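Would you mind keeping the following structure in view while I ask a few things?
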Number of protein chains: 2
Amino acid sequence: MNSTSTSDSVLDEHTAAHVAELFRAFSDTSRVRILFALTTQEMNVNTLAGLVGISESAVSHHLRSLRQMELVVARREGKEVFYRIEDEHIISLFEEGVKHVQHG
Amino acid sequence: MNSTSTSDSVLDEHTAAHVAELFRAFSDTSRVRILFALTTQEMNVNTLAGLVGISESAVSHHLRSLRQMELVVARREGKEVFYRIEDEHIISLFEEGVKHVQHG
DNA sequence: TCAATATATGAACATATATTCAGGTGTTAT
DNA sequence: ATAACACCTGAATATATGTTCATATATTGA
């Protein structure tokens, strides 16, 4: 018997697709900047647009997909909508990537 | 003075682009399956193609981009070329993503 | 040298994705 | 009710990306 059978090396396509989808959320420059901002504190759309330097519409599109993946949570306060990252595990996963680039 | 100034919330575009690029390497189903296989052991192109279920050409294209990002390292042994992931930090970053999907 | 095997590459194509634009929804104040 | 503000949405477009196909390169054995 081998200590490492080939089946141990295979990740089923369904799981792999979900893993890819998760990382894809972090695979765009604007989204990285949005998420980085949200790791520090809750923010509304207008502030994020200002910080990242893209239109509120573009930010809103990104936040929608992040919401659909349940990576961010929205909270309305009057006219404004504040977004935050709820899952600490997601925050640390994301921050690991940032750290690796900032070297490491 | 505020304990959290807005500039703390901004990741410069250049760094963000690199972070995005890193995560983009993990953002495709086939690449996820290739990388998962390589986290368990060194493998050649033909074996990877068999495990992942795509052509050797497609695998080779993926490996090229992973090589260019220095996420995998190639080692030739006769006709075959074996690939592996050298950076333990990359392995753990990737595995964190897999774990998150497999829940948690 | 020639054939066989393993991998790499470039071009082409089809699909996915980010952004913009125009307009729509929801909330507050007058 | 209306205006102003904050955000959302769908369509359109431009660009990026994954795979295939044909062909090229590299290594080995006959």
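Throughout, a chain's letter reflects where its sequence line sits, starting with A, and its residues are numbered from 1. What you see is a predicted model; the values in this text were computed from it and never measured.
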Handout entry: Protein proximity profile, nucleotides 1-6 of chain D - base contact B, sugar-phosphate-only contact S, no contact -, cut-off 4.0 Å on heavy atoms
Key = ----BS
Practice task
Could you check how far CG of A:L48 sits from P of C:dT19, rounded to whole Å?
Solution key: 13 Å
Fill in the blank from the handout: Expected string for nucleotides 13-21 of chain D under the B/S/- scheme (protein heavy atoms, under 4.0 Å, primed atoms plus P, OP1, OP2 as sugar-phosphate) is ----SSBBB
Handout entry: Any donor-acceptor N/O pair, A:R67 side chain to A:V72 backbone, under 3.5 Å
Key = no
Problem - Short side-chain to backbone donor-acceptor contact, B:R33 and A:A17, under 3.5 Å - result: no
Exercise for the section: Rounded off to whole Å, could you give me the CD-to-C1' distance for the B:E13 and C:dA18 pair? Expected result: 13 Å
Practice task
Return no unless some side-chain N or O of A:R64 is found under 4.0 Å from OP1 or OP2 of D:dG10.
Solution key: yes
Exercise for the section: Ignoring hydrogens and angles, tell me if any N or O in the side chain of A:R75 forms a donor-acceptor pair with the backbone of A:F82 under 3.5 Å. Expected result: no
Problem - No-hydrogen, no-angle side-chain donor-acceptor test under 3.5 Å, A:H89 and B:E96 - result: yes
Practice task
Please state whether the rings of B:F26 and B:F94 are parallel, tilted or perpendicular, taking 30° and 60° as the class boundaries.
Solution key: perpendicular
Exercise for the section: Could you check whether A:Y83 gets within reach of a base, just the sugar-phosphate, or nothing at all, counting any heavy atom under 4.0 Å? Expected result: sugar-phosphate
Handout entry: Heavy-atom donor-acceptor pair, A:R76 side chain to A:G78 backbone, under 3.5 Å
Key = yes
Handout entry: Backbone N/O of B:S57 and side chain of B:S60: donor-acceptor pair under 3.5 Å
Key = no
Handout entry: A:L66 CG - D:dT9 C1' separation (whole Å)
Key = 16 Å
Handout entry: Between P of C:dA16 and CD of A:E21, the distance in whole Å
Key = 13 Å
Exercise for the section: Check the angle between the aromatic planes of A:H103 and A:H100 and answer parallel, tilted or perpendicular using the 30° and 60° thresholds. Expected result: parallel
